[in-house]
Amino acid sequence: MPRVSSLSGRGSSDASTFSILGSDLVLRGNITASTDIHIDGRIEGDIACKSIVQGEGSTIIGSVVAETARVAGHVTGSIAAREVTVLKSARIEGDIAYESLTIEQGAQLEGRLSPNGATPGIARRDETGEAQLILAGPAE
């Protein structure tokens with residue numbers, strides 16, 4: 001069974017501030033977290049969390065919904081976040097919905113960019129099993 005490490009930035013044993021999914025981890029299934037996630041392994045499923053940091057050697061096959069997303073690895077799927085940073089090592093095959101977007105020179109992106117000004121949406125799978133991103137309307 002894969003091991004998921006949670007680390008707390010505070011000295012207490014209450015809620016953790018972030019979770020680390022290591023480079024040797026392969027996870028097939030959706031992830032939902034109220035905390036920040038750092039991913040170095042391979043995830044085959046949709047991810048919904050507060051904030052995501054993707055390591056350079058990692059792969060995500062599925063949609064990502066977060067407040068902030070820092071992408072350095074390979075993503076096949078849509079990303080919806082208020083703030084998205086795409087590092088030069090990133091390769092994204094999918095659409096990005098954002099309020100604030102930074103793309104480093106050298107990053108590879110195949111998809112559409114949508115400056116939506118909206119609350120990040122939800123991800124769901126359609127009848128063919130493909131992940132779809134549902135965006136909320138503009139914030140008022």
Side-chain angles (χ1 to χ4, degrees):
M1 185 155 209
R3 184 172 179 176
V4 178
S5 301
S6 291
L7 303 176
S8 177
R10 295 169 276 185
S12 65
S13 62
D14 56 341
S16 63
T17 56
F18 64 93
S19 295
I20 298 174
L21 302 162
S23 61
D24 62 340
L25 179 79
V26 175
L27 189 133
R28 290 179 182 91
N30 298 334
I31 297 173
T32 303
S34 59
T35 59
D36 301 344
I37 297 176
H38 183 106
I39 296 176
D40 285 324
R42 178 181 177 91
I43 307 300
E44 297 175 8
D46 299 334
I47 300 170
C49 61
K50 181 178 175 188
S51 177
I52 185 169
V53 175
Q54 181 193 28
E56 200 171 302
S58 70
T59 299
I60 298 171
I61 300 173
S63 63
V64 175
V65 177
E67 288 291 318
T68 62
R70 185 173 176 88
V71 181
H74 185 198
V75 176
T76 301
S78 299
I79 299 171
R82 290 190 196 286
E83 183 180 328
V84 179
T85 303
V86 181
L87 301 179
K88 63 184 176 185
S89 58
R91 190 173 85 208
I92 300 172
E93 299 170 34
D95 300 340
I96 301 175
Y98 63 91
E99 285 185 14
S100 170
L101 175 67
T102 302
I103 302 176
E104 286 187 349
Q105 185 174 350
Q108 297 176 28
L109 172 62
E110 183 179 323
R112 294 176 299 195
L113 300 175
S114 299
N116 62 14
T119 303
I122 58 168
R124 70 170 189 200
R125 298 210 178 266
D126 65 14
E127 59 278 353
T128 66
E130 185 170 326
Q132 290 186 329
L133 184 62
I134 311 301
L135 294 174
E140 304 207 10

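Residue pairs meeting the salt bridge (Lys or Arg N to Asp or Glu O under 4.0 Å) criterion with at least one member in residues 83-93, sequence neighbours excluded, are R91-E93. Under the salt bridge (Lys or Arg N to Asp or Glu O under 4.0 Å) criterion, the residue pairs touching residues 17-32 are R28-E44, with sequence neighbours excluded.
The neighbour count for E104 CD, taken as heavy atoms of other residues, nucleotides or ligands under 6.0 Å away, is above 12.
Annotation: side chain of I96 is in contact with side chain of V86 (closest heavy-atom distance under 4.5 Å). Between T35 and K50, the closest side-chain pair of non-hydrogen atoms is not below 4.5 Å. Looking only at side-chain heavy atoms (C-beta outward), I79 and I52 stay at 4.5 Å or farther from each other.
Exactly one of L21, N30, V75 qualifies for a side-chain contact (heavy atoms from CB on, under 4.5 Å) with I43. That residue is L21.
A distance of 8.5 Å separates CG of L109 from CG of D95, quoted to the nearest 0.5 Å. The OG atom of S58 lies 6.5 Å from the CD1 atom of I39; values are rounded to the nearest 0.5 Å. Rounding to the nearest 0.5 Å gives a distance of 10.0 Å between CD1 of I92 and CD of Q108.
Residues E67 and R82 are paired through a salt bridge, judged by an N-O separation under 4.0 Å between the basic side chain and the carboxylate.
Among residues two or more places apart in sequence or in another chain, the side-chain contact (heavy atoms from CB on, under 4.5 Å) test is passed with A48 by none. The side-chain hydrogen bond (donor to acceptor under 3.5 Å, both in side chains) test applied to T59 returns no partner, not counting sequence neighbours. Among residues two or more places apart in sequence or in another chain, the side-chain contact (heavy atoms from CB on, under 4.5 Å) test is passed with R70 by V53, T85, L87. Residues satisfying the side-chain hydrogen bond (donor to acceptor under 3.5 Å, both in side chains) criterion with T68, sequence neighbours excluded, are S51.
Contact record, A33 with I37: CB-CD1, 3.7 Å, taken as the closest heavy-atom pair.
Side-chain polar atoms of D40 and H38 form a donor-acceptor pair below 3.5 angstrom. For the residue pair D46/S63, the side-chain donor-acceptor check at 3.5 Å is satisfied.
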